[in-house]
Amino acid sequence: MSSSARTAASKCKLPPLSTNPERPTSSNSHSSTKLSSFFTNQASSNTAIPTSSNPKTSPKNPFPRAPIQTPLEKFLQANCKSGNITLSEALDYFDHMIHMRPPPPMSSFNRLLGGLVKSKHYSHVFSFCNKLTASGLLPNLITLNILVNCLCNMNRVCDGFVVMGSMIRKGYRPTTVTFTSLVKGLCMENRIDEANKLFEKMIKFRCQPSVICYGTLINGLCRTGKTDVALKLHEEMNSGNGVRFRPNTVTFTSLIQGLCVEDRIDEATSLFEKMKKLRCHPSVITYGTLINGFCRTGKTDVALSLHEEMANENGGYGVDCKPNSVTYGIIIDRFCKDGMIDKATELFLEMKNRGIFPDVVVYSILIHGLYYNEKWEAGKALLHEMIDSGIQPDLVTFNVLIGALCRRGNVKDSRDLLKLMIRRGMNPNIFTYNTLMDGLCLVGNLDEARELFHSISTRGCEPGAISYSVLINGYCKYRKIQEAINLYEEMIFKGVKPTVITYNALLTGIFQMGKVQDAQKLFHEMHTQNVLPDSATYLILLDGLCKHDCKPEAMDIFHSLENSNFRFSVEIFNCLMDGFCKSGKLEIAWDLFHKMSSKGLLPNVITYSIMIHGLCMEGQLEKANGLLLEMEGKGCLPNVITYNTLMRGFCLNDDSTKVVELLHKMSERNLSPDDSTISIVVDLLSKDERIRKCLDLLPTFPATSQLRMP
DNA sequence: TTAGGGTTAG
């Protein structure tokens with residue numbers, strides 16, 4: 001037994017645990033990931049396989065259950081649900097428990113496993129389950145549910161299904177919890193259609209989705225951009241018809257009516273109860289039919305109480321499947337992240353109007369959304385509203401506020417907030433430190449960021465890949481590439497796996513310094529570190545290669561991407577086209593421009609501006625002007641850069657009439673000229689006195705008084 | 001005793 005477990009045991013006055021010679025010395029011995037052993041290694045006891053289909057009676061534990069709660073059980077009850085148990089304590093207790101005779105009840109094992117789930121030690125839960133069966137102990141339905149949940153959280157949803165299959169074979173009936181875990185697992189793997197199908201299937205399986213299950217699916221839909229579908233589902237819950245694909249109110253009402261007509265009032269009543277159990281909302285017609293039936297059969301008092309029930313909200317059923325603060329929070333969060341802050345606020349008001357009180361999570365979601373969408377005053381007001389409602393900010397709220405201040409470059413107040421949370425007895429977490437470090441980097445205070453980075457481990461947290469990436473990004477932004485590379489090497493040395501974001505930051509920095517070979521070397525290193533490049537990586541790489549005269553290399557990569565299933569972005573085309581235009585290879589750029597549509601991409605204002613620039617450089621002004629008309633015709637509005645580009649072209653060609661014409665067009669579009677426009681006009685004036693007359697149109701632009709020539 | 005929501009880096 002480890003000293004930590006001993007301490008924990010003494011704390012809760014547990015009897016000393018006997019030393020188990022077989023106890024593994026390291027956590028690695030628990031890390032078996034084979035599913036098969038869990039199900040096949042049951043030969044030690046035939047009684048381990050339940051024979052009855054009744055889950056309440058089927059699994060017979062070969063050992064008698066302790067009649068009263070032991071100190072061990074009390075300890076587990078007190079510490080597991082809160083997650084107040086360390087991994088090493090859990091390992092020790094588990095090893096002790098499986099050797100106890102008689103063994104503790106399965107609920108104690110489940111509590112212990114639950115504690116590990118709380119601290120996200122999924123693989124350990126998995127190996128504990130394997131050891132349980134290997135010891136001849138029988139996991140019960142809840143143990144299996146915990147296992148399904150762990151597998152799903154480990155992105156092993158397929159194995160989750162295998163466990164469900166085994167569950168059924170053992171005579172257990174999968175529960176809403178089982179299905180919810182699997183729905184979540186599918187959502188985590190972005191298999192939202194399958195999650196939706198499973199949701200429908202569980203209803204067919206007569207397993208009612210709970211509000212948690214709805215919440216899980218709604219979250220999956222929101223995460224995959226299907227907010228509309230999520231909203232519809234949410235509304236479906238709210239209307240009381242929160243369960244799909246089953247007999248509905250109309251079918252039930254018809255049957256009740258039929259039974260009432262035949263004076264089979266008892267059967268009608270039980271059908272009515274059944275529909276409520278199935279969360280099928282009886283309508284006023286259903287009630288009316290049944291009330292009529294009771295009245296007809298002389299049961300007026302029952303009819304009256306039914307009438308009373310109608311008056312009560314929901315009649316007391318279906319309530320647990322109504323939207324709650326969690327389901328609202330999920331959708332509000334999606335709207336915030338999609339920049340639809342008005343929609344988010346609207347939904348927040350709706351939930352309050354429906355009597356659903358927002359909790360600290362919903363407040364934090366919306367406060368974050370408001371700050372993130374630069375609605376500072378509204379964010380502040382909401383924070384005050386939350387506190388006035390008696391809800392205190394929690395750790396995440398503080399992190400949101402620190403992040404908001406950092407984004408505004410207000411590091412001083414962020415630091416004060418950190419001090420405040422510590423004064424309040426709150427332990428800042430790695431999010432807090434990473435956020436603050438990023439804020440410090442943003443304002444160029446790299447030394448303080450580094451200092452904070454080094455102090456993280458003394459503050460009870462460990463810097464992870466994000467901490468390193470934040471600092472690496474800070475160094476790269478301020479062109480301190482060597483420091484960034486040193487940090488990168490340090491993270492590898494310390495076993496912290498760099499992410500694609502780490503590499504993207506480094507590649508950007510290295511290309512900025514013009515070190516093309518180093519960047520290429522790093523790009524290849526990504527493979528050795530098993531980090532897959534994403535579309536941002538390819539954009540950085542292709543842009544860097546193009547800007548540093550390595551277009552053939554860029555095109556090689558482009559072609560290899562074409563041969564894979566890579567999803568091209570407009571930005572990738574833009575960077576290549578820009579590169580070729582600027583090096584006078586207009587035809588290649590033109591080919592790329594035409595290739596875009598075959599990749600399902602539409603040119604944007606930047607694409608057109610690049611091509612217009614390329615054409616102007618080649619003196620193909622008419623064609624450039626044609627492209628301007630084309631983009632306007634296709635609803636892609638030119639911006640000031642597009643006009644400047646084309647005007648510069650005409651200016652160089654001494655075509656002042658065209659320039660003036662374009663200035664008029666700009667004015668019509670309410671586009672303000674920028675410094676570049678001004679310099680074009682000045683150039684033009686210096687060339688041709690007659691152009692002075694164009695000054696007449698200048699007052700139509702805002703903020704152009706400075707342009708008036710003496 | 002088991003299942004859902006919020007905060008950090010390009």
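Letters A, B, ... mirror the listed sequences (proteins, then strands); counts begin at 1. Since the model is a prediction, treat every value here as computed from it, not as a measurement.
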_For atom CG of A:L522 and atom P of B:dG10, their distance in whole Å_ = 18 Å

*asked:* Rounding to an integer number of Å, can you tell me how far A:I501 CD1 sits from B:dG10 P?
replied: 8 Å

*Hey, are A:E350 and A:R354 close enough for a salt bridge, meaning a charged N less than 4.0 Å from a carboxylate O?*
yes

*asked:* Please classify the nucleic acid contact of A:T175 as base, sugar-phosphate, or nothing, using heavy-atom distances under 4.0 Å.
replied: nothing

_Salt bridge check, A:K480 against A:E483: does any charged N sit closer than 4.0 Å to a carboxylate O?_
no

*Name the nucleic acid region contacted by A:A505, choosing base, sugar-phosphate or nothing; use a 4.0 angstrom heavy-atom cut-off, strictly under.*
nothing

*Could you check how far CG of A:L382 sits from P of B:dT7, rounded to whole Å?*
16 Å

*Heavy atoms under 4.0 Å, any strand shown: does A:I466 hit a base, just sugar-phosphate, or nothing?*
base

*Side-chain-base donor-acceptor pair under 3.5 Å for A:D534 and B:dG10*: yes

*Measure from the side-chain heavy atoms of A:V326 and tell me the nearest of B:dT7, B:dA3, B:dG5.*
B:dG5

*asked:* Using a distance-only criterion (donor-acceptor N/O pair, under 3.5 Å, no hydrogens), is the base of B:dG4 paired with the side chain of A:N324?
replied: yes

*asked:* Base, sugar-phosphate or nothing for A:I146? Non-hydrogen atoms, less than 4.0 Å.
replied: sugar-phosphate

*Hey, does A:T180 reach any base, or is it just sugar-phosphate, or nothing, if we go heavy atoms under 4.0 Å?*
base

*Can you check the A:K118 NZ to B:dG4 C1' distance for me, whole Å?*
12 Å

*Would you say a side-chain N or O of A:N473 is under 4.0 Å from OP1 or OP2 of B:dG10?*
yes

*Are A:K184 and B:dA3 close enough that a side-chain N or O sits under 4.0 Å from OP1 or OP2?*
no

*With a non-hydrogen cut-off below 4.0 angstrom, is A:V470 in contact with a base, only sugar-phosphate, or nothing?*
sugar-phosphate

*Which listed nucleotide (B:dG10, B:dT7, B:dG5) is nearest to the side chain of A:A536?*
B:dG10

*asked:* Between A:N219 and A:K184, does the side-chain hydrogen bond (donor to acceptor under 3.5 Å, both in side chains) criterion hold? Intermediate values first, please.
replied: CA-CA 9 Å; A:N219 192 30; A:K184 188 189 176 190; over 6 Å; no

*asked:* With a 3.5 Å cut-off and heavy atoms only, can you find an N or O donor on one side and an acceptor on the other between the side chain of A:S467 and the base of B:dA9?
replied: no

_Side-chain-base donor-acceptor pair under 3.5 Å for A:S364 and B:dG6_ = yes

